[in-house]
Amino acid sequence: DLEATRVADRLFAFGCLVAAVLAAAQIALLPVVVPFFSTVPEVRDAVRSPAKIAALVQLTNGVIFAGEGVLLGLQRFRALAAVTALGVAAMAAVLATPIGAQLDGVLFSILAFHLVQGIGVLAHHLRLSPLAVAWRSRQQRQEEEEDKKATS
């Protein structure tokens with residue numbers, strides 16, 4: 001169980017690292033990519049804001065994809081469905097506001113979905129997962145053993 005926890009932790013870390021690199025690349029390449037959309041300056045300006053929001057969405061992908069993979073591997077389908085349902089509710093809430101009628105609002109709704117889902121899978125991994133429970137119980141056993149040694 002401890003080795004599985006370490007593998008899952010590495011998966012989360014690697015996913016976050018890759019997502020951060022991709023988001024940074026997406027922001028850094030905006031001046032190169034934006035001209036492909038149009039030669040009209042107004043269109044180029046209009047593309048920049050959604051592209052920046054999309055880069056924020058990209059940041060959340062590392063946690064989400066790693067967390068979904070861990071949940072699937074642990075066969076915690078109900079937890080995954082619950083987290084996804086909460087994410088959909090957040091997305092629908094943003095779309096129901098006046099900003100939801102704009103392109104930026106649609107991207108913000110995707111960001112809301114991703115934030116809720118990312119927080120959900122990370123919370124599950126750190127608190128509710130059998131891997132977290134196994135890690136905590138091992139930590140408690142080690143502390144008890146150290147206490148016994150200290151009192152002996």
- Item | Side chains of Thr84 and Gln117 in contact at under 4.5 Å (non-hydrogen atoms) | yes
- Message: Is there a side chain to side chain contact (heavy atoms under 4.5 Å, CB included) between Val83 and Val116? Walk through the geometry before answering.
- Response: CA-CA 7 Å; Val83 166; Val116 169; 5.7 Å; no
- Atom pair CZ (Phe65) and OG1 (Thr60), whose distance is rounded to the nearest 0.5 Å: 8.0 Å
- Identify the two heavy atoms, one from Ala132 and one from Arg127, that lie closest to each other, and give their separation to 0.1 Å. CB-N, 4.0 Å
- List the atom of Ala8, the atom of His125, and the distance in Å for their closest heavy-atom pair. CB-CE1, 3.5 Å
- Query: Applying the 4.5 Å side-chain criterion to the ILVMFWY set and letting contacts propagate, would Val47 and Leu103 be lumped into a single cluster?
  - Reply: no
- Message: Ignoring hydrogens, what is the shortest heavy-atom contact between Phe12 and Ala66? Give both atom names and the distance.
- Response: CA-CB, 3.8 Å
- Nearest-0.5 Å distance, CG of residue Leu131 to CD of residue Glu3: 11.0 Å
- Item | Arg44 versus Val34, closest heavy-atom pair with distance | O-CG1, 3.5 Å
- How many angstroms lie between atom CG of Leu59 and atom NE2 of His114, to the nearest 0.5 angstrom? 11.5 Å
- Task: Could you pull out the closest heavy-atom pair between Ala23 and Ala55, with the gap in Å?
- Result: CB-O, 3.4 Å
- Give the cluster check for Leu29 versus Phe36: same hydrophobic cluster or not, with ILVMFWY residues linked at side-chain heavy-atom distances below 4.5 Å. no
- Message: Between Ser109 and Val94 (side chain of the first, backbone of the second, donor and acceptor by atom type, cut-off under 3.5 Å), is there such a pair?
- Response: no
- Query: In terms of hydrophobic clusters joined by side-chain contacts under 4.5 Å, are Val63 and Leu115 together?
  - Reply: no
- Tell me, do Val70 and Val121 make a side-chain contact under 4.5 Å, heavy atoms counted? no
- Task: Please report the closest heavy-atom contact between Ala19 and Gly62, naming both atoms and the distance.
- Result: CB-N, 3.5 Å
- Say you draw a straight line from CD of Gln58 to CG of Asn61; how long is it, rounded to the nearest 0.5 Å? 4.5 Å
- Distance from Arg78 atom CZ to Leu71 atom CG, nearest 0.5 Å? 14.0 Å
- Task: Mind checking the CZ-CD1 spacing from Arg48 to Ile27? Nearest 0.5 Å is all I need.
- Result: 10.5 Å
- Message: Any non-hydrogen side-chain atom of Leu30 less than 4.5 Å from a side-chain atom of Lys52?
- Response: yes
- Message: Hydrophobic clusters here meaning ILVMFWY residues chained together by side-chain heavy-atom distances under 4.5 Å, can you tell me if Leu111 and Ile99 are in one?
- Response: yes
- Query: According to a 4.5 Å side-chain heavy-atom criterion applied to Ile, Leu, Val, Met, Phe, Trp and Tyr, with indirect links allowed, do Leu56 and Ile64 form part of one hydrophobic cluster?
  - Reply: no
